[in-house]
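In what follows, a single structure is set out as C-alpha cells and then discussed.
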Number of protein chains: 4
Amino acid sequence: MTSLPTVPRGAGRDAITDAAREIFAERGYHGTSVRDIARHAGLSLSALYYWHPSKQHLLAALVEESTQEYFERCDAALREEGDEPADRLRALVRATVEYRVSRRVESAIAASEWRNLSLENRERLDGLRQAATRLWSDLIAEGVARGVFRCAHPEDARRSVIAACNAIAQWYEPGGDITLADLVERYGDIALRIVDHRG
Amino acid sequence: MTSLPTVPRGAGRDAITDAAREIFAERGYHGTSVRDIARHAGLSLSALYYWHPSKQHLLAALVEESTQEYFERCDAALREEGDEPADRLRALVRATVEYRVSRRVESAIAASEWRNLSLENRERLDGLRQAATRLWSDLIAEGVARGVFRCAHPEDARRSVIAACNAIAQWYEPGGDITLADLVERYGDIALRIVDHRG
Amino acid sequence: MTSLPTVPRGAGRDAITDAAREIFAERGYHGTSVRDIARHAGLSLSALYYWHPSKQHLLAALVEESTQEYFERCDAALREEGDEPADRLRALVRATVEYRVSRRVESAIAASEWRNLSLENRERLDGLRQAATRLWSDLIAEGVARGVFRCAHPEDARRSVIAACNAIAQWYEPGGDITLADLVERYGDIALRIVDHRG
Amino acid sequence: MTSLPTVPRGAGRDAITDAAREIFAERGYHGTSVRDIARHAGLSLSALYYWHPSKQHLLAALVEESTQEYFERCDAALREEGDEPADRLRALVRATVEYRVSRRVESAIAASEWRNLSLENRERLDGLRQAATRLWSDLIAEGVARGVFRCAHPEDARRSVIAACNAIAQWYEPGGDITLADLVERYGDIALRIVDHRG
DNA sequence: AATGAATGAGTATTCATTCAT
DNA sequence: TATGAATGAATACTCATTCAT
C-alpha cells in the first residue's frame with residue numbers, strides 16, 4: 001500500500017498521466033485497469049475521464065511523447081557533433097543510453113506496448129519511429145561509405161547496436177556502481193566494435 | 001474468418017496448446033481470453049478446462065517448454081563443440097539464432113510474457129533461465145581468461161550479444177532473401193566483434 | 001457537426017430549454033444526457049444547473065408548458081364558438097391539429113415522455129391533462145344528448161378522434177402539399193363521421 | 001418486490017426474453033438496464049449475455065417477432081374473408097384489436113421503441129412494417145374503387161383507423177366490463193364510419 | 001473426453017449532479 | 001451569471017472459471 005497523495009485541484013491531468021505511465025510500464029496495457037490508474041493517481045475514475053477520453057488515448061499520449069522526445073534527443077545530439085562518423089555514432093549511443101536510463105519507464109512502454117496502440121495511432125506514430133531509425137541507418141551508411149566502418153551488413157549492425165542499448169533498461173539500476181557516464185562509454189565502445197570501426 | 005479446424009477426438013490437448021501459443025504471442029497474455037483460445041482451437045471452453053487447469057497454467061507450460069528447449073539446444077551445441085572460445089561462442093550464437101527463428105512464436109512469449117507468470121511459476125522457472133545465461137557468462141569469462149576475448153566488460157558484452165540475437169525475432173522473415181545460415185554467420189561475426197576477439 | 005450558437009449573456013435559460021426540447025423529442029428522456037443538452041445549447045454543464053435544478057425538472061417544465069398551452073388553445077377555441085356541437089367539435093379538432101403541427105416537438109414530448117415524469121410531477125400535471133380530455137367528453141356527450149351525434153360509445157369515439165388527430169404529428173411534413181387548413185378540414189370530417197353526425 | 005422465480009436449467013432464454021418484454025414495455029429501452037432484465041428473469045447478468053449478444057439485439061428480437069406476428073394475423077384474417085370490402089375491413093380491425101389486446105405488451109414495444117432500434121435493424125424490419133400498412137391501403141383503395149367506401153382521403157382514413165385501434169392498448173383493461181368481442185364490433189363500426197361506408 | 005449453461009467479479013465508459021471559484 | 005474540475009453510482013458488456021450432464 002503506497003500512501004495516496006491528495007491531488008491539489010487542477011493538478012489532475014498530470015497526476016493521471018504519471019500514474020498511467022507507472023502502471024502501464026509495470027503491468028502492461030491490458031494488465032492495467034483504468035481503475036488502477038485513477039486509484040494510483042489519488043483521483044476518482046470520473047476525473048480520469050474528465051482529462052482523457054479513453055484508456056487507448058492515454059497510452060497513445062505516453063507513447064507519442066516518449067517517441068518524440070527520443071527522436072529529438074538523437075537529432076540534437078547529432079547536430080551538436082562534428083562530421084566524424086565514429087564521434088557521431090558515440091553521440092547517438094549517448095543519446096540513446098541516456099534516454100533509456102533517464103526515461104526508463106516511458107521508454108519501456110514505447111517499446112513493449114506498441115502493438116496495443118490502435119491501428120490509427122500506430123500509423124500516426126510510425127513516421128516518428130522510422131525517422132529515429134533513419135538517423136542510425138544514415139549514419140552507419142556514411143561511415144561505411146567513408147571506409148571507417150567496415151561491417152558487411154550495416155542493417156544488422158544497426159539493429160544490434162540499438163538492441164544492445166535498449167536492453168540496458170532491463171537491468172540497469174541507477175544509483176548502483178555503474179554511472180551513466182560509464183554506460184555511455186562502454187556501449188559506445190561496443191557500438192564501434194559492432195560496426196567494425198578502424199581508427 | 002479463418003475456418004476452424006475440426007479437432008480429431010483425443011487431440012484436444014495439443015490443439016489448445018497450439019492455439020494458446022499463437023494467440024498469446026499475437027496479443028499478449030492479458031489481451032487474450034480463454035474463449036479466444038478455445039474458439040481458435042475449434043473446441044469448447046469446457047474442453048479447454050478439461051485439459052488445462054487455468055489460463056495461467058497454460059502460459060506457464062508454454063514458457064517452461066520454450067525455456068527448457070532453449071537451454072537444451074545451447075547445452076547440446078556446446079557439448080558438440082571443441083574448447084576454442086571463438087568456436088564455442090559461434091555455437092551458442094547458432095543455437096540462439098536458430099531457436100529464435102524456428103521457435104519464433106514461443107520465444108516471443110517467453111520473452112515478453114515473463115512478467116505475467118505468477119510469482120510461483122516465475123520462481124520455479126527462474127533457475128532454468130539463469131542456467132542458460134550462465135552458459136554465456138562462463139564461456140565469455142573463459143575467453144577473456146585465455147586472452148582471446150579482450151572486452152573490458154564481459155557482462156555488457158554478454159547482454160549485447162544476446163540482445164542482438166533476440167532482436168532477430170522482431171524483423172526476420174523466413175522465406176525471404178536471408179537464409180538462416182546467413183544469419184548464423186553474420187551474428188557470429190557480430191558476437192566475436194562484441195567480445196573483441198583476436199585470432 | 002452543427003455549429004454551436006454563441007449564447008448572448010442572460011439568454012442561457014431559454015437556450016437550454018430549447019435545446020432540451022429538441023433533444024428530448026428526438027431521443028427520449030432516458031436517451032438524452034444533460035451533457036448533450038448543455039452542449040447543444042452552447043453552454044457549460046454548470047450553466048444548465050444554474051438555471052434548472054435537474055433533468056427531471058427540465059422535462060416537467062416542458063411537459064407542463066405544452067399541456068397547459070394545449071388546454072388553453074382548446075378552451076379558447078370553444079369559447080369563440082357557438083353552441084352547435086358539430087361546429088364545436090370542428091373547433092376542437094382545429095385546435096388539436098394546429099397544436100400538433102405547430103408545436104410538433106413539444107407535443108411529442110408530452111405524449112411519449114409522460115411516463116418518465118416523477119410520480120410527483122405526474123400527479124401535479126394530471127389534472128390539466130384530464131381537463132383537456134373533459135372538454136372532448138363533455139362536448140360529445142352534449143352532441144349525443146341533443147341527438148346530433150349518434151355514436152353508441154361516446155368514449156370510444158372520443159379516443160378515436162383524439163388518436164387520429166395526434167397521429168398527424170408522426171407523418172405530417174409542414175411545407176409539403178397538404179396545408180394546415182386541409183388537415184383541419186379533413187380531420188374535422190373524419191371526427192364528425194366518427195361521432196356519426198347527422199345534419 | 002415480486003418474488004423471483006427460480007429458473008430451471010436450460011430455460012434461461014425464454015426467462016430473459018419474457019423479462020425484457022415486460023420491462024422494456026414498462027420503462028422503455030433506455031430506461032431499462034440489462035441488470036434489471038436479468039434480475040427480473042431470476043438469472044445472472046452473464047446468463048443474459050450467454051443467450052443474447054446485446055441489449056439492442058434483445059430489443060430487435062422482440063420488435064421483429066411482434067411485427068411479424070401482427071402481419072401474419074392480418075394476412076390470415078384477410079385470406080379467410082370474402083371479397084366484400086366492408087367485411088374485409090372488419091376482419092383487419094378484428095386482427096388488429098385482438099393483437100393489441102392479446103399482445104399488449106409487445107405491441108407497445110414495437111410502437112414506441114422503434115426509434116431505439118439501430119439503423120441496421122430498423123432497415124431490416126421496415127419492409128415487414130410496410131407490408132402490414134399496405135394491407136390496409138390496398139383494402140381501402142379497393143373499397144373506394146368499388147364505390148362502397150366514399151372517403152375523400154383514403155390515406156388519412158387509413159391512418160385514423162389504425163391510430164384508433166392502436167390506442168386501445170393504452171386504456172383497455174382485460175377482465176373489465178368490455179369484452180374483446182365488444183371492442184371488435186365497436187371499432188369495426190368506427191372504421192366503417194371513418195371510410196364512409198354505405199351499404 | 002467433452003459439452004451447454006451458468007456465475008460473480010471485473011472491464012471501460014457515461015451518468016446526473018455538485019463543488020470551489 | 002457563469003465556469004472548470006471533480007465525484008459516486010450506474011451503464012453495457014467480458015472475464016476466467018465452474019457445474020451438471
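Each chain gets a letter, A, B and so on, in the order its sequence line appears, and its residues count up from 1.
- R21(A) and E65(A) are joined by a salt bridge, as a carboxylate oxygen and a charged side-chain nitrogen come within less than 4.0 angstrom of each other.
- N121(D) and S118(D) share a side-chain donor-acceptor pair at under 3.5 Å.
- Looking at K55(D) and Y29(D), their side chains come closer than 4.5 Å, going by heavy atoms from C-beta outward.
- Between H30(B) atom NE2 and dG10(E) atom C1' the separation is 13 Å, expressed in whole Å.
- The distance between atom CG of D14(C) and atom P of dA2(F), rounded to the nearest whole Å, is 12 Å.
- Of the candidate nucleotides dA12(E), dT7(E), dA6(F), dA12(E) has the atom lying nearest to any side-chain atom of R35(A).
- Nearer the 5' end of DNA chain F, as judged by each residue's closest nucleotide, is the contact made by S44(A), out of S44(A) and V34(B).
- Between R129(A) and D126(A), no side-chain nitrogen of the basic residue sits less than 4.0 Å from a carboxylate oxygen of the acidic one, so the salt-bridge criterion is not met.
- Contacts of S46(C) with the nucleic acid, taken as non-hydrogen atoms under 4.0 Å apart, include base atoms.
- To the nearest angstrom, P of dA5(E) lies 18 Å from CG of L45(D).
- Proximity of Y50(B) to the phosphate of dA2(E): no side-chain N or O atom is located under 4.0 Å from OP1 or OP2.
- The distance between atom CG of L58(A) and atom C1' of dA12(E), rounded to the nearest whole Å, is 12 Å.
- Electrostatic pairing of R115(B) and E26(A) does not count as a salt bridge here, judged by no charged N lying under 4.0 Å from a carboxylate O.
- Rounded to the nearest 0.5 angstrom, F24(A) CZ and T17(A) OG1 are separated by 10.5 Å.
- Look at Y49(D) and you won't find any side-chain N or O under 4.0 angstrom from OP1 or OP2 of dT14(F).
- Atom CG in L43(D) sits roughly 18 Å away from atom P in dC19(F) (whole-Å rounding).
- Annotation: of the two residues near DNA chain F, S33(B) and L48(C), the 5′-most nearest-nucleotide partner is L48(C).
- At whole-Å resolution of the value, CZ in R13(B) and P in dA2(E) are 12 Å apart.
- Separating the CD atom of Q56(A) from the P atom of dA12(E) is a distance of 12 Å, rounded to the nearest angstrom.
- When each of P53(C) and Y29(A) is assigned the nucleotide of DNA chain E with its nearest heavy atom, Y29(A) is the one assigned upstream, toward the 5' end.
- Remark: W51(A) is not in phosphate contact with dG4(F), judged by side-chain N or O atoms under 4.0 Å from OP1 or OP2.
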### Query
Just the dot-bracket of DNA chain F, please: which string comes out with Watson-Crick or G-U pairs under 3.5 Å, [ ] for crossing, | for another strand?
.||||||||||||||||||||
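- What separates NZ of K55(A) from C1' of dA12(E) is a distance of 8 Å, to the nearest Å.
- The closest donor-acceptor contact from the side chain of S66(D) to the backbone of V63(D) lies at 3.5 Å or more, if one exists at all.
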